[in-house]
Amino acid sequence: MNAGLTVGDFSRMTHLSVKTLHHYHQVGLLEPAQIDSRNGYRYYSVDQIPAAQVIRRLRDLNMPIPGVKAVLAAPDSTSRNALIAGHLDRLETELAQTREAVSSLRNLLTHPPAQPSVEHRTVPATPAVAIRQLVDRHDILAWWRNALDELHATVRAQHLTPTGPSGGLFTSGLYQHDRGEATVFIPVHGAVRTVGRAEPFLVPPAELAIITHHGPLDSVDITYGELGSYATRHEISVEGSLREYYRRGAHDGAAPDSWETDIGWPIFRADRDH
């Protein structure tokens, strides 16, 4: 008589369904202690119950199967705890992002948009230090942060003098095709030496409709929507890179709620009196 636990008994003891146990067997996460070669029946051992309980809780925390495997294979408690702590940190980050998204959605649904205050501005060509790169849209926020950090470090290291707020240029492909050229820059006075990704750059002149976005950039799409709608209604929108100027932000030590970002939409004329 086989002394192992049948898959049904093991399922009842661990609260893992037979289907789930079969899947874990297929992916090599929790393999049966024994498989009967005559009929293919799977048998588990009592010693596997603690591992099954750990797996169940890690999966309840949305840990991917490769991560669960790494936890179970960890050589010691310190390594195991580090893996679990890293996953919990990612969960907390995702939770914070979810809360921000919920708050933004509630605000969008309960507060009708105010009439935007739009300025038409002629921007001259401006010498700057910049980082340019083809970027996937889902990577843009991390890339933007790292690039700005690198630029500020370059300005300090090369003793350059900023002549205006940092900014960014974003081509249409980034939004339309989820990949496009992005540029972040800091206008400066002085000779820029190419070091790492940072290089001299002449910010092109432009005619822009400008609106100021207040607060963190997670809801900047709403401001873009208002500005794009304005340009369309007035029939002044033209093709060109969208532009941002970070007048007050993280590099000023400001709290996210007090950030100020000028959003620029390319237009074919600059009517300062409009």
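Between Leu151 and Ala198, the closest heavy-atom pair is CD2-CB, 4.1 Å. Taking both residues in full, the closest heavy atoms of Ala70 and Leu83 are given as O-CD1, 3.5 Å, listed atom of the first, atom of the second, then distance.
Leu202 and Leu160 sit in two unconnected hydrophobic clusters of ILVMFWY residues. Membership requires side-chain heavy atoms under 4.5 Å apart, directly or through other members. Note on Tyr246: it clusters hydrophobically with Leu141, by side-chain heavy-atom contacts below 4.5 Å among ILVMFWY residues. The cluster map of Ile, Leu, Val, Met, Phe, Trp and Tyr, joined by side-chain heavy atoms under 4.5 Å apart, puts Ile49 and Ile55 in the same cluster. Hydrophobic clustering keeps Val18 apart from Ile35 (ILVMFWY residues linked when any side-chain heavy atoms are closer than 4.5 Å, directly or through intermediates). Cluster annotation: Val195 and Val184 are assigned to distinct hydrophobic clusters (Ile/Leu/Val/Met/Phe/Trp/Tyr, side-chain heavy-atom contacts under 4.5 Å, transitive).
One N or O on the side chain of His87 and one on the backbone of Leu61 form a donor-acceptor pair closer than 3.5 Å. In this structure a side-chain-to-backbone donor-acceptor pair under 3.5 Å is missing from Asp139 to Val135. At distances below 3.5 Å, not a single donor-acceptor pair connects side-chain atoms of Thr163 with backbone N or O atoms of His189. Checking side-chain atoms of Gln48 against main-chain N and O of Ser45 turns up a donor-acceptor pair under 3.5 Å. Put simply, the side chain of Ser11 gets close to the backbone of Leu16: a donor and an acceptor are under 3.5 Å apart. Between the side chain of Glu150 and the backbone N or O of Arg197 there is at least one donor-acceptor pair closer than 3.5 Å. Within the 3.5 Å criterion, the main-chain N or O of Arg193 finds a donor-acceptor partner in the side chain of Gln158.
Under a cut-off of 6.0 angstrom, the local environment of NE2 in His22 is sparse, with at most 12 non-hydrogen atoms contributed by other residues, nucleotides or ligands. Counting heavy-atom neighbours within 6.0 Å of Glu239 CD, excluding the residue itself, gives a total of 12 or less.
The side chain to side chain contact (heavy atoms under 4.5 Å, CB included) with His213 is formed by just one residue from the set Ile222, Thr223, Leu227, Asp262; it is Thr223. For the side chain to side chain contact (heavy atoms under 4.5 Å, CB included) criterion with Phe201, the lone passing option out of Thr126, Val129, Thr183 is Thr183.
Rounded to the nearest 0.5 angstrom, Ser117 OG and Ile211 CD1 are separated by 7.5 Å. A distance of 11.5 Å separates NZ of Lys69 from OH of Tyr24, quoted to the nearest 0.5 Å. Taking CG from Leu30 and CD1 from Ile65, the interatomic distance works out to 11.0 Å, rounded to the nearest 0.5 Å. From Tyr43, atom OH reaches atom CG of Asp36 across 5.5 Å, with rounding to the nearest 0.5 Å. A distance of 12.0 Å separates CD1 in Ile84 from CG in Asp89, rounded to the nearest 0.5 Å. The CG atom of Leu169 sits 10.0 Å away from atom CZ of Arg132, with the distance rounded to the nearest 0.5 Å.
Residues Ser241 and Thr171 meet the side-chain proximity criterion, which asks for heavy atoms closer than 4.5 Å. Looking at Pro200 and Thr194, their side chains come closer than 4.5 Å, going by heavy atoms from C-beta outward. Contact of the Val71 side chain with the Met63 side chain is registered, since non-hydrogen atoms from C-beta on lie closer than 4.5 Å. Using a 4.5 Å heavy-atom cutoff, the side chains of Tyr175 and Leu242 are in contact.
Taking the six-membered ring for Trp, Trp144 and Phe170 have ring centres at least 6.0 Å apart.
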_Intermediate values then yes/no, side chain to side chain contact (heavy atoms under 4.5 Å, CB included), Asp149 and His251_ = CA-CA 8 Å; Asp149 287 343; His251 285 92; 2.8 Å; yes

_Evaluation steps, side chain to side chain contact (heavy atoms under 4.5 Å, CB included), between Arg243 and Val203_ = CA-CA 10 Å; Arg243 192 173 298 211; Val203 182; 3.4 Å; yes

_Determine whether Val68 and Leu29 satisfy the following criterion, side chain to side chain contact (heavy atoms under 4.5 Å, CB included), listing intermediate values before the conclusion._
CA-CA 8 Å; Val68 178; Leu29 180 59; 3.6 Å; yes

*Test Leu148 against Ser166 for side chain to side chain contact (heavy atoms under 4.5 Å, CB included), laying out the working first.*
CA-CA 8 Å; Leu148 274 180; Ser166 58; 4.0 Å; yes

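For Trp259, there are no ring-ring contact (aromatic ring centres under 6.0 Å, His included) partners two or more places apart in sequence or in a different chain.
Ring pair His234/Tyr230 is tilted by interplanar angle, where 30° to 60° counts as tilted.
For the salt bridge (Lys or Arg N to Asp or Glu O under 4.0 Å) condition, the pairs that include at least one residue of residues 158-180, sequence neighbours left out, are Asp136-Arg179, Arg137-Asp178. Among residues at least two apart or in separate chains, there is no salt bridge (Lys or Arg N to Asp or Glu O under 4.0 Å) pair with a member in residues 15-34.
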